[in-house]
2 protein chains.
Amino acid sequence: MPKSAGGKSGAKTGARAARPNNIQDLARIAGVSAATVSRALAGTGNISATTRERIRALASELDFRPSNMARSLRTGRTGTVGVIVPLGHEKSQHISDPFFMTLLGYIADRIADRGYDLLLSKVVPHDPEWLSRQVDTGRVDGMIIIGQSNQSDVINSVARFYNPLVVWGAALPDQIYCSVGSDNRLGGKLATEHLLSLGCRKLAFFGDPSVPEVEQRLNGFRDALRGVEGAVGATLPVHFTPEQALEDIAGFLDLADKLDGIFATSDTIAITALQALLDRRRAVPQDVKIIGFDDLDLARRTVPALSSVRQDLEAGAEALVDILFRKIAGEEVESVMLQPQLVVRGSTVSD
Amino acid sequence: MPKSAGGKSGAKTGARAARPNNIQDLARIAGVSAATVSRALAGTGNISATTRERIRALASELDFRPSNMARSLRTGRTGTVGVIVPLGHEKSQHISDPFFMTLLGYIADRIADRGYDLLLSKVVPHDPEWLSRQVDTGRVDGMIIIGQSNQSDVINSVARFYNPLVVWGAALPDQIYCSVGSDNRLGGKLATEHLLSLGCRKLAFFGDPSVPEVEQRLNGFRDALRGVEGAVGATLPVHFTPEQALEDIAGFLDLADKLDGIFATSDTIAITALQALLDRRRAVPQDVKIIGFDDLDLARRTVPALSSVRQDLEAGAEALVDILFRKIAGEEVESVMLQPQLVVRGSTVSD
DNA sequence: TTTCGCGCTGCAATCGATTGCTGAAGGTCA
DNA sequence: TGACCTTCAGCAATCGATTGCAGCGCGAAA
């Protein structure tokens with residue numbers, strides 16, 4: 001199958017010549033060499049304005065566009081950025097998780113702004129090759145990795161020889177790659193202090209601390225607890241998948257009847273918890289106050305609306321893409337840490 | 001910049017030879033020709049098992065993977081599927097719309113299952129070239145278009161000569177391309193009949209009927225109304241962007257004080273309407289009943305939970321991808337129409 | 001009129017993998 | 001021992017665009 005299905009056999013009605021399949025065809029039609037056509041279309045090198053415009057007009061009339069594959073092969077540039085989600089923790093986790101989708105949306109917009117395309121890969125890292133496999137095959141000019149998961153070592157080892165790489169997630173002490181993420185510890189502290197300031201003393205942290213971001217938030221939770229006498233905090237390592245999470249949380253709530261405050265490490269988990277609470281006729285925020293993390297669109301839509309620690313994902317996406325393109329251009333770039341912000345709504349404070 | 005940043009200069013500690021940059025290098029190291037290496041790695045053609053395994057082992061040891069660009073150029077296959085969202089109606093519409101993201105998530109999963117990659121493009125079709133530009137440059141083996149928007153003509157004209165193309169959206173009478181979508185008219189009818197059966201008589205349809213899917217739902221709305229004496233229905237062409245939608249809806253609600261039932265053409269719009277109603281102290285479902293369309297995850301999470309017309313997006317994604325791969329394989333394929341399903345929750349019926 | 005210079009264009013190599021065809025090596029059979 | 005077949009590997013062309021270098025032609029200066 002030398003020509004893939006489709007090809008370019010179609011032609012506009014009334015086109016003068018057969019639709020050119022490649023730059024050579026067009027060159028023949030125009031009566032010049034392929035080199036000239038290439039220069040005309042790319043606008044590079046020495047070429048007379050007359051010739052350039054003539055060839056461009058012809059190309060547009062015959063509806064010809066040069067092959068990106070061939071150009072990429074020759075130039076080594078692809079015009080494509082890879083976005084990759086390693087789902088290390090939850091094999092069944094879905095790419096359609098709202099947090100991920102929101103961030104992806106912003107990233108897609110920013111990448112599109114620069115005229116690049118976005119190659120999306122979801123990988124379940126069951127072997128340490130997952131990243132180099134993506135990097136090596138040369139289909140992208142750079143990669144954005146969303147969430148280290150538990151794969152920081154692998155990322156480090158690839159980052160050693162592959163520069164154009166940015167990671168969304170926690171800033172880890174031993175990382176040699178650039179990352180963009182919130183100050184998770186501070187965020188955790190803010191959330192917890194908020195609960196404490198409202199009088200909560202029997203707190204719970206919902207989230208799996210084997211994920212680096214979550215661990216940092218948990219540290220912030222503990223920081224805040226240490227400052228208040230009589231306050232206690234339990235940790236429930238909730239799964240990320242909604243069904244599992246509901247089960248985990250329901251079991252916990254049935255036992256924890258003294259509970260008066262919940263800090264959930266994501267809005268998704270918080271909302272699940274909210275539902276579990278309401279199902280059990282425990283009033284929010286009167287009996288139990290609950291605060292999430294991320295401040296996704298969802299948070300505003302629940303009843304009561306969810307308090308949360310806002311991560312500015314739009315700014316984060318901007319930073320990720322900006323850093324990546326700088327790296328591609330060869331600049332030295334620093335990691336970025338975003339300031340989280342407390343957003344208070346009805347799930348912690350009644351109207 | 002002949003070698004893009006990064007390259008493959010890195011080597012594993014203790015690797016015997018320098019890391020091969022291409023198949024030729026590896027061939028030299030292995031003492032065979034490039035052709036043999038190619039056959040060994042691809043597993044094609046005549047090659048002895050001994051040689052094949054030896055070369056594979058060597059490749060894996062030296063961490064070599066052949067260039068996808070070069071392979072694509074030669075074979076005409078890319079291992080990539082394009083997913084493209086034409087945002088014809090709302091220039092400012094965001095790719096991170098929950099409906100789109102949900103569908104994209106499922107599609108991404110299905111495509112990944114087949115070992116393909118997903119090239120995501122968001123385009124604002126300001127000229128009729130937008131699609132052929134994507135198709136021509138030969139970076140994908142096929143394309144999934146999410147939503148015709150108002151671009152059915154353009155899609156038709158490309159479909160005439162480019163076969164591997166599937167569209168999510170309305171089935172239109174004059175389309176020559178394959179589409180996957182719900183029976184929107186039936187869905188609209190189900191939703192409206194539901195409202196009518198609960199006693200609603202002053203109905204409103206929220207949605208912009210210049211979008212084909214929406215128009216079909218509106219037809220279903222009218223079908224149902226026709227059957228009931230004394231029932232009236234207004235149409236409010238709400239924008240898709242949340243801010244605009246809120247404004248549109250708020251203005252309408254302030255005037256329409258007799259309103260007792262709303263059919264919104266998406267859950268997003270329904271939720272916006274729900275909020276606008278609650279802001280105005282109009283009880284849902286007692287004063288006004290409201291039903292959405294899509295049955296996204298969101299719908300379950302509002303209070304009261306949103307009744308909706310379920311589109312099975314998971315099945316839809318499956319069908320889209322299945323059809324696309326069949327087309328790529330050269331099969332003749334038919335369009336698919338999914339059966340929508342009424343999902344009743346608290347926004348139309350109190351517990 | 002000759003020479004030099006400059007602006008364009010073409011030639012041909014190149015990016016890296018694939019694949020049809022050729023032919024060498026080794027085995028089989030008469 | 002010789003003819004013939006099978007198996008496997010290499011040669012070289014190919015995909016389509018890019019780009020360093022060579023060279024042509026024309027105008028200007030001497």
Side-chain angles (χ1 to χ4, degrees), chain A residues 1-8 19-56 58-59 62 64-79 136-139 141, chain B residues 1-8 19-56 58-59 62 64-79 136-139 141:
Chain A
M1 197 196 289
K3 286 306 276 181
S4 70
K8 297 199 181 179
R19 193 156 173 221
N21 286 317
N22 54 40
I23 219 173
Q24 317 270 353
D25 285 1
L26 188 60
R28 204 171 306 123
I29 297 170
V32 296
S33 74
T36 303
V37 174
S38 170
R39 284 190 272 251
L41 297 179
T44 59
N46 292 330
I47 186 169
S48 73
T50 327
T51 318
R52 186 186 333 114
E53 292 315 317
R54 184 169 65 85
I55 293 178
R56 285 192 175 177
L58 196 62
L62 299 180
F64 170 79
R65 264 170 294 273
S67 151
N68 261 317
M69 307 271 16
R71 165 186 292 130
S72 296
L73 177 59
R74 179 60 226 250
T75 61
R77 262 166 290 121
T78 63
D136 273 357
T137 54
R139 286 211 286 214
D141 292 343
Chain B
M1 198 197 288
K3 286 306 275 183
S4 69
K8 298 198 179 181
R19 191 154 173 224
N21 285 317
N22 55 39
I23 219 174
Q24 316 271 353
D25 285 1
L26 188 60
R28 205 170 304 122
I29 297 170
V32 295
S33 75
T36 303
V37 174
S38 171
R39 283 191 271 252
L41 297 179
T44 58
N46 291 330
I47 187 169
S48 73
T50 328
T51 317
R52 184 181 342 111
E53 292 315 316
R54 185 169 64 85
I55 293 178
R56 286 192 175 178
L58 196 62
L62 299 180
F64 170 79
R65 263 171 295 273
S67 151
N68 260 317
M69 305 279 4
R71 165 188 291 128
S72 296
L73 176 59
R74 179 61 229 251
T75 61
R77 265 165 288 121
T78 62
D136 273 356
T137 54
R139 287 211 284 213
D141 292 342

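Numbers restart at 1 for each chain; the letters A, B, ... are given by sequence-line order, proteins then strands. Values below: every heavy atom of this structure, side chains too, minus hydrogens, waters and symmetry copies.
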Mark yes or no for whether [X], through its side chain, and [Y], through its backbone, hold a donor-acceptor pair below 3.5 Å.
X	Y	value
R28(A)	P20(A)	no
S72(B)	R77(B)	yes
T78(B)	D141(B)	yes

More 5' along DNA chain D: A49(B) or R39(A), using each one's nearest nucleotide?
->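 Residue closer to the 5' terminus by nearest nucleotide: A49(B).
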Please report, rounded to the nearest Å, how far the [atom2] atom of [N] is from the [atom1] atom of [X].
X	N	atom1	atom2	result
R28(B)	dG16(C)	CZ	C1'	13 Å
N46(A)	dG5(C)	CG	C1'	14 Å
I55(A)	dG10(C)	CD1	P	8 Å
L41(B)	dA17(C)	CG	P	9 Å
N68(A)	dC15(D)	CG	C1'	15 Å
I23(B)	dC15(C)	CD1	P	14 Å
M69(B)	dG16(D)	CE	C1'	12 Å
N21(B)	dT14(C)	CG	P	16 Å

If you look at every strand shown and take non-hydrogen atoms under 4.0 Å, does I47(A) touch a base, only sugar-phosphate, or nothing?
-> sugar-phosphate
Give one of base, sugar-phosphate or nothing for V32(B), where a contact means two heavy atoms less than 4.0 Å apart.
->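 Here V32(B) touches the backbone only, sparing every base.
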Looking only at N and O atoms, is any donor in the side chain of R74(B) or the base of dT14(D) less than 3.5 Å from an acceptor on the other one?
-> yes
Do the side-chain N or O atoms of [X] get closer than 4.0 angstrom to the phosphate oxygens (OP1, OP2) of [N]?
X	N	answer
T51(B)	dA9(D)	yes
S33(A)	dG10(C)	yes
N22(B)	dG16(C)	yes
S48(B)	dA9(D)	yes

Which nucleotide in the set [options] lies at the smallest distance from any side-chain heavy atom of [X]?
X	options	answer
S38(A)	dT9(C), dA9(D), dA17(D)	dA17(D)
A70(B)	dG16(C), dT19(D), dT18(C)	dG16(C)
S67(B)	dC21(D), dT19(C), dG16(C)	dG16(C)
L73(B)	dT9(C), dC15(D), dC11(D)	dC15(D)
R77(B)	dC8(D), dT9(C), dT19(C)	dT19(C)
A35(A)	dA17(C), dG16(D), dG10(C)	dG10(C)

If you round to the nearest 0.5 Å, how far is [atom2] of [Y] from [atom1] of [X]?
X	Y	atom1	atom2	answer
M69(A)	N68(B)	CE	CG	8.0 Å
N46(B)	R39(B)	CG	CZ	7.5 Å
R71(B)	I23(B)	CZ	CD1	8.5 Å

